[in-house]
Number of protein chains: 2
Amino acid sequence: MTSPLAAAPEPERAPEQVPIGDDPAALGLRERKRRATRRSIEFAVLELTRDHGLDQVTVDDISRVADISPRTFFNYFPSKDAALVGDSPFMLDGASAERFAQAKPGGDVLADLFALVRELSLGVTVDLSLHQLRLKVMRDYPELFAIKVVSMRSLETVLTEVVERRLAADARATGAVEPSVGAWHSRALLIALVSLSTMRHAWGRWAESDDPDSLPSKLDESYRELRGLL
Amino acid sequence: MTSPLAAAPEPERAPEQVPIGDDPAALGLRERKRRATRRSIEFAVLELTRDHGLDQVTVDDISRVADISPRTFFNYFPSKDAALVGDSPFMLDGASAERFAQAKPGGDVLADLFALVRELSLGVTVDLSLHQLRLKVMRDYPELFAIKVVSMRSLETVLTEVVERRLAADARATGAVEPSVGAWHSRALLIALVSLSTMRHAWGRWAESDDPDSLPSKLDESYRELRGLL
DNA sequence: TCAATTCTTGCAGACTCTGCAATCTCATGT
DNA sequence: ACATGAGATTGCAGAGTCTGCAAGAATTGA
């Protein structure tokens, strides 16, 4: 990268929509600035990628456009890729996880897990114009998709763990003794992986289509389709 | 990395087992050297990682141990990670794919796809001592796992595409018209993803256990477990 | 043995990312 | 309002990855 990529103006960035009923200045100035900077970096990297191509964009360019020092970039994101793909839209919170793990035995584990995941996706607040831009870029560069998947890998571990606990609780309750301990783990892993596939499927269809259909509804569709498969 | 990590001797590298009935010197000298170099690099990076830790290993170290120049390293692998995780054990070959895509309509697509994947895994010739070492290292550094997954991402595209063709052929044959074209794609993607989950599951269990049980048999187990789930 | 092809290597250079220390900005209590 | 501390930004130096290029070495096939 030698071209300086002039510190361009920023046209199409819609002002961030603040969720209704969300305290506007409840957060201190510090926090507000932080968020603004983060957003600005995310826009910068996406706009540059869209306009100049993925491998033409350097951290220096991004910093120039986002109006921060290159060093500061790395205070916000651990890598260039991280800024490109953003946070995972699925974050497991402890309470729901606990509820799932200790649900009454005998239920359909896959269905319950799915409900859990669906719940997660409800909590997502997307910055619309940022999200649109990100989807556009990801459509242009499918390899980013893989990075996104990696960023969701931690979820695999978490889900497996929670499913395993659920299976153990179930077995303890019904008194049915599974063949071996390893069998639970194997089962839990498979269940987690299948769920992740479904999330991945829903996410993919969400990303592909431009309709603003919410992620949860895509998830429902995917789940139905999964059930139809089997 | 400043420490030179002495160009150590190589103890535990078992000589590569040549599959029976495989011409020993049917390949020219050139090709044989190339393979030896590749193998030597793979061993080097794995041994160094095992002995000194993942982020302590540099390309310079690897090259020193493998006895090549750092520049040559990149003639063999596009990145350090690539050398670490090795090739994907699943490579789709055109002929089997074609057979699958044009199988007689009405069959169980998921089952057929699974058989296809199973077939792929049969073709894998593993260099045993290299494989053992790699599994050990991957167990120590689960993040490598994610990289491995990424390296299999291309398979997702290929599988989806082939499933889509199969679904199209099926529909054409039975005359049943699906609601929309997009529906096929969605369905194909889901099927591919679920299959990949199963492969991933089988692979994970293969990697976790030390038993030399072949990958195909693990695949069978995983498939059975999947069916039991639904 | 000659010539074509394919590999290896060194070198220069762009780029990513980290630790450190100086400096600056926001938050908080008095 | 002001002092003080916690948190952020920045520049700099340095290690490490990876690429293009061109010269030189090895293998192949005739």
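Every chain is numbered from 1, with letters handed out A, B, ... down the list of sequences. Remember, it's a predicted structure, so these values are computed and weren't measured experimentally. All heavy atoms count here, side chains included; hydrogens, waters and symmetry mates do not.
One can place CZ of A:Phe73 at 18 Å from C1' of D:dG11, the figure rounded to the nearest angstrom. In this structure, the CD1 atom of B:Ile147 is 13 Å from the P atom of D:dT17, given to the nearest Å. Following rounding to the nearest Å, B:Asn75 (CG) and C:dT9 (P) show an atom-to-atom distance of 9 Å. Atom CG in A:Asp81 sits roughly 14 Å away from atom C1' in D:dT17 (whole-Å rounding). The interatomic distance linking B:Asp55 (CG) with D:dA15 (C1') rounds to 13 Å, in whole Å. Rounded to an integer number of Å, the gap from CD of A:Gln56 to P of C:dA14 is 14 Å. For A:Phe77 and C:dT18, the CZ to P distance is 14 Å, given to the nearest whole Å. Distance, A:Ile41 CD1 to C:dC17 P: 13 Å, rounded to whole Å.
Contact check on B:Arg165 versus B:Glu98 returns a salt bridge, with a Lys/Arg side-chain nitrogen under 4.0 Å from an Asp/Glu carboxylate oxygen.
Between D:dA8 and A:Arg34, a contact under 4.0 Å exists linking OP1 or OP2 to a side-chain N or O. The shortest distance between the side-chain N/O atoms of A:Ser69 and the OP1/OP2 oxygens of D:dT10 is below 4.0 Å. Within the 4.0 Å cut-off from OP1 or OP2 of D:dT27, at least one side-chain nitrogen or oxygen of B:Lys33 is found. For A:Tyr76 and D:dT9, the shortest distance from a side-chain N or O to OP1 or OP2 is below 4.0 Å.
Seen from the ring of B:Tyr141, B:Arg50 does not count as a face-on cation partner, given the 6.0 Å and 45° thresholds.
Distance from the side chain of A:Phe74 is smallest to C:dC17 among C:dC17, C:dC20, D:dT17. If you check D:dT9, C:dC17, C:dT8 against the side chain of A:Lys80, the one that comes closest is C:dC17. Here D:dT27 is the nucleotide among D:dT27, C:dT8, D:dT17 with the atom lying nearest to any side-chain atom of B:Arg30. In this structure, the nucleotide among C:dT9, C:dT16, C:dA27 sitting nearest to the side chain of A:Leu29 is C:dA27.
Mapping A:Arg71 and A:Asp60 onto DNA chain C by nearest heavy atom places A:Asp60 at the nucleotide closer to the 5' end. Nearer to the 5' terminus of DNA chain D, by closest-nucleotide assignment, is the contact made by A:Thr72 (compared with the other of A:Thr72 and B:Glu31).
A:His201 is listed as a side-chain neighbour of A:Glu225, based on a closest heavy-atom distance under 4.5 Å.
One side chain, A:Asp61 or A:Thr58, offers a donor N or O that lies under 3.5 Å from an acceptor on the other. Between the side chains of B:Ser197 and A:Ser197, at least one donor N or O lies within less than 3.5 Å of an accepting N or O.
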